[in-house]
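Structure record follows, encoded as structure tokens.
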Amino acid sequence: MTITAVSPLMLVTQTLPLLEKCKTITELRQLHAHIVKSNLVNHTSTITKLISLCSHHGGLDHALSVFHRIPDPNPFIFFSLIKQMTESSSPTEAVLFYARMLSSLENLNGVEFLLPALLKACSKSCALEEGRQVHGQILKTQMLFDPYVANALIRLYSELGCIGLAHRVFDKMAQRDQVSWNSLITGYLRVGEVELARAIFNEIPERDLVSCNAMIDGYGKSGKCELAEEVFRTMHHKDVVTWTSMVSGYVFNHRPKEALGLFREMLSQGIRPDAPALVSVLSAIADLGFVEEGKWVHAFICTNKIRLNSGFIGSALMDMYAKCGHIGNAYHVFENIAHYRNIGDWNCMISGLAMHGLGHEALDIFLDMKMKEIEPDEITFLGLLTACNHGGLVDEGRYCFELMQEKYGLVPKIQHYGCIIDLLGRAGHLEEAVDVIQNIPIEADAIVWKAILSACTIHGNVAIGESAALKAIDLAPDDSSCYILLSNLYAKVGRWDDVGNVRLMMKQRGVRKIPGSSSVLMNGKVHEFLVGKEMNVKYSVEVCTKIEEVVSRLKLEGYKPDLSQVLLDIEEESKEDSLILHSEKMALAFGLINTSKGSPIHIVKNLRICCDCHSFIKLVSGVYNCRIVVRDQNRFHQFENGSCSCKDFW
DNA sequence: GTAGGGTTAG
């Protein structure tokens, strides 16, 4: 950049266009040096432009240092600096700077244009106190008459959960617009007050699209899909947000088939899916567990040139592939987004590897993160601990648990404790696990006691197991798995009377077991089997005959049904019958009938796979020479040649 | 300058 020596006026007319041309903070610094040398530092419009460009190009510090040398800054300079501060990581500074502006400017005309951004910054950084101060100052002026300002206040209080304050601002407004109503509705929905939100929704003079969309989403997130559907159906005009809200409502309530069905309907109506719509359908597919439609979505993303870094597309794709058993494809996506990964992408990859039992690979990803100086967060460590847990990597798990606290200053949450306790307990370090649980600085929940209990069940430690079970049952009296684990523990050591007592306790308290359910994809259709019965009567006889045939063949190979974990206090023979009707066995039999030799059978189960089914499927994979992939509640099992990828560690 | 949908989590 060359500037020839000319008169001051000429300099100004030359400098301004040059400023406009600057693309980087370095160029701006060079030009600033020139401005100083040419005595233009007191030329208001030049300096205003310089400051606004510096702050716009990420040089907030430089902009501030220029600002501090101006004796009498004008409103534009304040505005441009505050605007940038609200978008940076320090909204508190923006509020302080705003206060400074109020005391140094006499004419505050136009300041209301700044307030929505400032209040948004407060809500983004949970700065309620600062927000209230701004509110207090606003009350002294006439600015509340500006709908944008009042709405921004409703939004601030709504987002921070102070719905009472939001409602008060709303009540005091002389003129409410759609945005005011919608902000209030969202506020009520955010604190879980669906019925109050509905009451306000009913009062809206003219309902718009946005308020209906908000209600659909709110109903979905509070488990009321039917009410969401009702709003959805009555809408004459729907946009992509309407459809996505309904789709994600189904996803949230673990109704992935309906989510997928609705997504297809959306396409058939000619609505073009955007990034959020694709992310929500990908999460439906991830929940369902079968990759076919996921591949279609991936292809759609590629052909429509939707960037993998728009929104959460990259991580949603990785998550979908990982949860559908295609960890290699997940890694492929991970590689493709190497240049613009965010922390969620790294976490998805680590969690994905964890659920496949690939502990060392997950740790390698973490090493890569360290090398690239990416700051891990608590979810990263939850993934790493899970990875160590599923891989049986005790030392590495202990190391991660210490590292997160000592090097990264992260405070472990109860889930982290649950994970490390599970890892220690499972690997037989029961005393260490108990020691950890006794020293948790936060309140232990049922999950950590269940981790101890399940370790005791594996290792047959009744004394510790019983007391852990009582604590777990006390904290989660409706959670059937606490009772079932305790009953399994008693069964393991042959205390059948106590097994009966636990069963009685469950009955008296009305605690119900979640029925096991397994799905298998055949000819493009998902077939679901429930424990004790098949969903589709048509296949009933065929499936039962096949299981019996498999059982007798396996018995020749030495299969002995493991009756120890059958909860029912019944005759041995009926126990065997009830084992046979486990959903994953039925799904497997159905798969064996309908799969041509050589192709793998893929099963998705809602609960943790039981010991008997695990050894049963191992044998099947050997005797029938086929590959069987099972995703259970926690992780993947790849059965092949008589053994499982989890190395019996699950 | 204001309102609605999306990822990773024992």
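In what follows, every chain begins at residue 1, and chains take the letters A, B, ... in the order their sequences are listed.
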When all nucleic acid strands are considered with a 4.0 Å heavy-atom cut-off, which category describes [X]: base, sugar-phosphate, or nothing?
| X | answer |
| --- | --- |
| A:Asp239 | base |
| A:Asn342 | nothing |
| A:Asp217 | sugar-phosphate |
| A:Glu112 | base |
| A:Asn634 | nothing |
| A:Val448 | nothing |
| A:Val149 | base |
| A:Ala150 | nothing |
| A:Ser245 | sugar-phosphate |
| A:Ile154 | nothing |
| A:Ala275 | base |

For [X] and [N], is the shortest distance between a side-chain N/O and OP1 or OP2 below 4.0 Å?
| X | N | answer |
| --- | --- | --- |
| A:Lys221 | B:dG6 | yes |
| A:Ser283 | B:dG6 | no |
| A:Lys323 | B:dT8 | yes |

Considering only side-chain heavy atoms of [X], which listed nucleotide, [options], is closest?
| X | options | result |
| --- | --- | --- |
| A:Asn389 | B:dG10, B:dG6, B:dT8 | B:dG10 |
| A:Lys83 | B:dT8, B:dG1, B:dT7 | B:dG1 |
| A:Val279 | B:dG10, B:dT7, B:dT2 | B:dT7 |
| A:Asp146 | B:dA9, B:dT7, B:dG1 | B:dG1 |

Check salt bridge (charged side-chain N to carboxylate O under 4.0 Å, His left out) between A:Arg426 and all other residues, then give those that pass, not counting sequence neighbours.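 Listed in chain order: A:Asp422.
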
Indicate yes or no for a side-chain donor-acceptor contact from A:Thr380 to the backbone of A:Asp377 under 3.5 Å, with no hydrogens or angles considered.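 Present.
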
Give the rounded distance in Å between these two atoms: [atom1] of [X] and [atom2] of [N].
| X | N | atom1 | atom2 | value |
| --- | --- | --- | --- | --- |
| A:Ile216 | B:dG6 | CD1 | P | 12 Å |
| A:Leu114 | B:dT2 | CG | C1' | 14 Å |
| A:Tyr219 | B:dG5 | OH | P | 16 Å |
| A:His135 | B:dT2 | NE2 | C1' | 15 Å |
| A:Met235 | B:dG5 | CE | P | 13 Å |
| A:Ile301 | B:dG6 | CD1 | C1' | 12 Å |
| A:Phe649 | B:dG10 | CZ | P | 16 Å |
| A:Met404 | B:dG10 | CE | C1' | 13 Å |

Counting only distance, no hydrogens or angles, is the base of B:dG5 paired donor-acceptor with the side chain of A:Asp274 under 3.5 Å?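 Counting by modelled atom types and ignoring angles, a donor-acceptor contact under 3.5 Å is found here.
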
Side-chain-base donor-acceptor pair under 3.5 Å for A:Ser351 and B:dT8: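 For A:Ser351, whose side chain was compared with the base of B:dT8, there is no donor-acceptor pair (under 3.5 Å).
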
Donor-acceptor side-chain pairing of A:Asn309 and A:Asn342 below 3.5 angstrom: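 Checked: A:Asn309/A:Asn342 side chains show no N/O donor-acceptor pair below 3.5 Å.
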
Under a 3.5 Å threshold, yes or no: a donor from one side chain and an acceptor from the other, between A:His332 and A:Tyr321?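 A:Tyr321 and A:His332 do not have a side-chain donor-acceptor pair below 3.5 Å.
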
For A:Phe381 together with A:Phe366, are the ring centres under 6.0 Å from each other? yes

pi-stack flag for A:Tyr148 and B:dG1, centroid dist under 5.5 Å, interplanar under 30°: yes

Please enumerate all residues that pass side-chain contact (heavy atoms from CB on, under 4.5 Å) together with A:Leu423, with sequence neighbours excluded. A:Cys388, A:Asn389, A:Val394, A:Ile420

Are more than 12 heavy atoms, taken from residues, nucleotides or ligands other than A:Tyr331, located less than 6.0 Å from that residue's OH atom?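 Atom OH in A:Tyr331 is not packed in, count stays at 12 or less.
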
